[in-house]
Student: 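I have a structure I would like to understand better, so I am pasting it below and will then ask my questions one at a time.
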Amino acid sequence: MLRKPGNLDLKIFSDASYGDKGETSRSQTGVLTTLGEQPIGWYSRRQDVVALSITEAKYIANCEGAKDSSWTSQFLAELKVPSERTPELWTDSEGAAYLSLTTKFLRWSHHIEHRFHYIRQEVAKNKLVVKAITEKDNPLDILTKITSMSTVNAWKRRWIKPIG
């Protein structure tokens with residue numbers, strides 16, 4: 001059940017696990033969208049391509065988060081929900097954050113498909129701000145990695161609170 005938010009800031013959290021050792025070797029992406037500290041959307045799915053590093057896997061997850069930010073921002077604008085701040089995308093990967101902010105050619109990232117550079121466009125247009133979060137504080141581990149029940153319950157207590 002939704003609580004009355006103190007603000008209507010749009011925040012997107014993204015994370016990825018690095019490819020499993022199974023048949024596909026593809027990484028798992030997780031994205032959580034919040035509005036005013038209230039989760040309004042989340043998903044976890046296998047990435048379409050094989051990432052060659054954890055940084056690339058997390059960069060792909062960041063791109064998915066950027067697309068969610070764009071869609072949600074447009075939807076909220078259609079509903080005339082006021083937005084006072086630029087949406088924020090939170091990532092626990094410094095390398096993926098750096099890739100999102102630079103347009104420089106980097107030898108170690110030239111193989112990444114162009115479609116994943118959508119996040120750079122959103123940052124350049126000031127439609128998205130990329131921010132760092134510690135891995136411990138990133139809620140997406142429960143969508144991308146095997147975690148303990150105590151961790152899952154801790155996040156449930158944080159996100160699901162009684163109204164009143």
Side-chain angles (χ1 to χ4, degrees), residues 1-17 27-49 51 55-104 112-145 147 151-164:
M1 182 167 269
L2 290 174
R3 293 172 276 153
K4 184 177 179 182
N7 64 56
L8 293 176
D9 295 339
L10 184 61
K11 293 182 183 178
I12 294 86
F13 298 86
S14 70
D15 199 9
S17 64
S27 302
Q28 189 77 15
T29 288
V31 175
L32 168 68
T33 304
T34 65
L35 183 64
E37 303 299 320
Q38 180 69 41
I40 59 170
W42 58 90
Y43 62 86
S44 178
R45 66 175 169 240
R46 191 76 63 196
Q47 292 181 353
D48 296 335
V49 297
T55 299
E56 181 179 353
K58 291 192 177 212
Y59 182 66
I60 292 169
N62 287 356
C63 179
E64 294 299 319
K67 292 190 294 187
D68 273 23
S69 171
S70 178
W71 184 90
T72 305
S73 294
Q74 290 174 14
F75 180 67
L76 293 172
E78 287 178 22
L79 295 176
K80 305 212 182 324
V81 174
S83 177
E84 297 174 11
R85 295 171 51 180
T86 303
E88 299 172 346
L89 180 120
W90 293 82
T91 180
D92 61 12
S93 170
E94 289 181 25
Y98 179 74
L99 271 175
S100 303
L101 300 172
T102 187
T103 56
K104 286 198 271 183
I112 297 174
E113 291 182 33
H114 289 286
R115 67 185 171 129
F116 297 119
H117 296 309
Y118 173 77
I119 189 170
R120 291 178 176 173
Q121 173 184 310
E122 294 298 286
V123 170
K125 290 180 177 179
N126 293 318
K127 292 186 175 184
L128 185 68
V129 175
V130 177
K131 298 205 168 199
I133 190 171
T134 64
E135 189 167 345
K136 174 182 73 77
D137 293 328
N138 194 341
L140 271 293
D141 278 354
I142 63 174
L143 295 179
T144 59
K145 299 167 184 76
T147 57
T151 302
V152 172
N153 288 332
W155 282 109
K156 276 175 43 179
R157 283 190 299 278
R158 177 175 176 187
W159 293 109
I160 304 170
K161 296 180 182 173
I163 298 175

Student: Search all heavy atoms of Leu32 against all heavy atoms of Pro39 and return the closest pair with its distance.
Tutor: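 Scanning both residues, the minimum pair turns out to be CD1-CB, 3.9 Å.
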Student: Could you point out which residue of Thr91, Ile133, Leu89, Val31 forms a side-chain contact (heavy atoms from CB on, under 4.5 Å) with Phe13?
Tutor: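 Result for side-chain contact (heavy atoms from CB on, under 4.5 Å) with Phe13: Ile133.
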Student: Give the minimum heavy-atom separation between Leu8 and Leu35, together with the two atoms involved.
Tutor: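 Here Leu8 and Leu35 meet closest at O-CD1, 3.3 Å.
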Student: Taking atom OH of Tyr43 as the centre, report whether more than 12 heavy atoms of other residues, nucleotides or ligands fall under 6.0 Å from it.
Tutor: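 Check passes, neighbour count above 12.
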Student: Judged by atom type as modelled, is there a donor-acceptor pair below 3.5 Å linking the side chain of Ser27 to the main-chain atoms of Ser17?
Tutor: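 Checking the backbone N and O of Ser17 against the side chain of Ser27, a donor-acceptor pair under 3.5 Å is found.
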Student: Determine the minimum heavy-atom distance between Ala16 and Lys58, stating which atoms define it.
Tutor: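 Closest heavy-atom pair between Ala16 and Lys58: O-CE, 3.5 Å.
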Student: Rounded to the nearest 0.5 Å, how far does CG of Asp15 lie from CG of Asp92?
Tutor: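 Nearest 0.5 Å value for the CG-CG distance: 4.5 Å.
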Student: Of all the heavy-atom pairs spanning Ile12 and Ser69, show the shortest one and how long it is.
Tutor: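 So the minimum-distance heavy-atom pair works out to CD1-CB, 3.5 Å.
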Student: Taking Thr33 for the side chain and Ile40 for the main chain, is one N or O donor matched with an acceptor at less than 3.5 Å?
Tutor: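 Side chain of Thr33 to backbone of Ile40, a donor-acceptor pair under 3.5 Å: no, none is there.
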Student: State, to 0.1 Å, how close Ser73 and Leu10 come at their nearest heavy-atom pair, and which atoms those are.
Tutor: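 That would be OG-CD2, 3.4 Å.
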Student: How would you list, by chain and number, every residue that makes a side chain to side chain donor-acceptor pair (under 3.5 Å) with Ser93, sequence neighbours excluded?
Tutor: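 Checked Ser93 against side chain to side chain donor-acceptor pair (under 3.5 Å); zero matches.
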Student: Ignoring hydrogens, what is the shortest heavy-atom contact between Ala66 and Leu128? Give both atom names and the distance.
Tutor: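 The pair with the smallest heavy-atom distance is CB-CD2, 3.7 Å.
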Student: Is it the case that Ser14 and Glu64 place a side-chain donor and acceptor less than 3.5 Å from each other?
Tutor: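 Side-chain D/A pair, Ser14 to Glu64: absent.
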